[in-house]
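Below, chain A is the first sequence line, B the second, and so on; all start at residue 1. Just so we're clear, the structure is a prediction, and the values are computed from it rather than from any experiment. Because only heavy atoms are used, hydrogens play no part in the values below, and waters and symmetry mates are left out as well, while side chains stay in.
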2 protein chains.
Amino acid sequence: MKRIDTHTITGLLRKHGICPTSQRVKIAMALFSSMTHPSADQLLGAVNSRKAEVSKATVYNTLNLFLEKGLVREVIVDPSKVLYDPNTSDHHHFYDIVTGELSDIDASKVSIPVLPPLPGNRIFDGVDIIIRTRPAAA
Amino acid sequence: MKRIDTHTITGLLRKHGICPTSQRVKIAMALFSSMTHPSADQLLGAVNSRKAEVSKATVYNTLNLFLEKGLVREVIVDPSKVLYDPNTSDHHHFYDIVTGELSDIDASKVSIPVLPPLPGNRIFDGVDIIIRTRPAAA
DNA sequence: TTCGTTGCAAACCCTTTGCACGCAC
DNA sequence: GTGCGTGCAAAGGGTTTGCAACGAA
C-alpha cells in the first residue's frame, strides 16, 4: 500500500488531460496505491469498501478513459477479465497460471535482442512478454 | 487451407488420448487446416458452413478438451474472445491492434537471452511474447 | 446395458450502453 | 442554461453448465 496524496493524483489526472472529478480521483487513488494489477471489479470493491461511493459503470468508464489517456496499461492474461497496470514504465510480467498472480519484471531483464521484421505494411506498437509459472509444490 | 485427411486427424486425436468422434474430427479438421488462429465462433461457422453439424456447446467443450490435452494452444490478446492456435511448436505472435490479425513468429527469432529469476516458489511453464503492431498508413 | 458424447437452452459473468439526474461554470 | 460526468438498470456477447437424448462397444 503506497502512500499517495490527493494532490498528486489530481495533478496526474490534469497532466493527462482528465478532469479530476471526485470519483475519478478515488478510483485513481485505489489503483495507484494498490501496487498490484487489480481488475475492474476489485477496484470497485476497494473504492466502495466503506460505503458505496462509485457505481460499477463509472469504474469501467473511468478505467477506459485512463487507458485512452495513457495513464494505465491493460494486461490481458486471463480471458475472463482484464487487469489494469498502474505502472506505465517499460516492463513485463510473470503470470502464475494457477493462482492468477501477476508480478512485474523490469524490461532490462528480458529485452529482446533483435526485433523480427514486421509483416506487411505495419509499424511497431509495443511488446508484451508474459512468463507463465506454476507453484512448485505439486 | 492445408490439406489434411481424416485419417491423420483421428490418429492425432488418439495419440493425445481423445476419442475421435465425428464432431471432434470435424472441429479438428477445421482448426488444423485453417492456418490462422480462429476463435470458437469462427470454428463453429466453418464447421457448419454447409449445414448444421455441430452445436455451439460442443465446439466450446471440444476446444477446452483439446487445450487440456495439449493439442492446441490458447492465444489471449483480445479480452473479448479467445483464439486457438493449432501450432503447438515453440513460437510467438504478431498482433495487429487495429485489424485483430495474428501471425506467427518463429521462436528462434525472438528468444529471450536470459530468463529472469522466478519469484517465490515457482516453476517455469512457458513464455508468451506478443509484438503489437498497427497498420502503417494513417 | 452402460458410459461417454452431444445438443439445446438457460445461466453466467464481465463489460458496455441508454437515458435521466446532477453538478460546475 | 449548457455540457460533461455519474448512476442505475438493462442489454450485450462470449463462454459454461444442466440435463435429457443419443450412440458406440
Side-chain angles (χ1 to χ4, degrees), chain A residues 9-10 13-14 16-31 37-69 71-85 100 102, chain B residues 6 9-10 13-14 16-31 37-48 50-69 71-85 100 102:
Chain A
I9 290 292
T10 57
L13 294 185
R14 257 191 266 272
H16 285 263
I18 298 169
C19 176
T21 66
S22 93
Q23 288 88 342
R24 287 170 181 176
V25 171
K26 280 175 191 132
I27 293 168
M29 293 275 280
L31 183 53
H37 306 81
S39 65
D41 209 54
Q42 289 173 325
L43 280 174
L44 179 65
V47 172
N48 293 341
S49 57
R50 299 196 149 272
K51 64 178 201 294
E53 307 206 60
V54 179
S55 75
K56 184 182 281 200
T58 297
V59 170
Y60 279 101
N61 291 337
T62 300
L63 286 171
N64 283 333
L65 179 68
F66 286 179
L67 203 59
E68 204 173 281
K69 298 293 188 178
L71 212 71
V72 298
R73 277 169 43 176
E74 223 177 10
V75 185
I76 304 168
V77 285
D78 179 339
S80 73
K81 61 170 148 318
V82 175
L83 304 183
Y84 293 88
D85 191 343
L102 198 64
Chain B
T6 309
I9 290 292
T10 58
L13 293 186
R14 259 191 264 270
H16 285 263
I18 299 170
C19 176
T21 66
S22 93
Q23 287 88 342
R24 287 170 181 174
V25 171
K26 279 176 191 132
I27 293 168
M29 293 275 281
L31 183 52
H37 307 80
S39 64
D41 209 54
Q42 290 173 325
L43 279 173
L44 179 65
V47 171
N48 292 341
R50 298 197 150 274
K51 63 179 202 294
E53 309 206 60
V54 179
S55 75
K56 183 182 279 201
T58 297
V59 169
Y60 279 102
N61 291 337
T62 300
L63 286 171
N64 283 333
L65 179 68
F66 287 179
L67 203 58
E68 203 174 282
K69 299 293 188 179
L71 212 71
V72 298
R73 278 170 41 175
E74 222 176 10
V75 185
I76 303 169
V77 285
D78 179 342
S80 74
K81 62 170 147 323
V82 175
L83 303 183
Y84 293 88
D85 192 343
L102 198 65

To the nearest Å, how far apart are [X] [atom1] and [N] [atom2]?
X: Q23(B); N: dA24(D); atom1: CD; atom2: P; answer: 10 Å
X: L65(A); N: dC4(D); atom1: CG; atom2: C1'; answer: 12 Å
X: R24(B); N: dG23(D); atom1: CZ; atom2: P; answer: 16 Å
X: R14(B); N: dA24(D); atom1: CZ; atom2: P; answer: 14 Å
X: F66(A); N: dG5(D); atom1: CZ; atom2: P; answer: 12 Å
X: L63(B); N: dT16(D); atom1: CG; atom2: C1'; answer: 13 Å
X: E53(B); N: dC8(C); atom1: CD; atom2: P; answer: 13 Å
X: D78(B); N: dG13(D); atom1: CG; atom2: P; answer: 14 Å

Please report the closest heavy-atom contact between [X] and [Y], naming both atoms and the distance.
X: V72(B); Y: L31(B); answer: CG1-CD2, 3.3 Å
X: L83(B); Y: L102(B); answer: CD1-CD2, 3.7 Å
X: H16(A); Y: K69(A); answer: ND1-O, 3.1 Å

Open item on the list: Does the protein touch nucleotides 15-25 of chain C at the base, only the backbone, or not at all? Give it as B, S and - per nucleotide, heavy atoms under 4.0 Å.
Closed with: BBB--------
- [ ] Could you tell me whether the phosphate oxygens of dG5(D), OP1 or OP2, come under 4.0 Å of any side-chain nitrogen or oxygen in T58(A)?
- [x] no
TODO: Kindly say if S55(A) contacts the phosphate of dT6(D), meaning a side-chain N or O under 4.0 Å from OP1 or OP2.
DONE: no
Task: Close side-chain approach of I18(A) to L65(A), heavy-atom, < 4.5 Å - done: yes
Open item on the list: Tell me which one of I9(B), T6(B), L13(B) satisfies side-chain contact (heavy atoms from CB on, under 4.5 Å) with P20(B).
Closed with: L13(B)
Open item on the list: Any side-chain to backbone donor/acceptor pair from T58(B) onto V54(B)? Under 3.5 Å, distance only.
Closed with: no
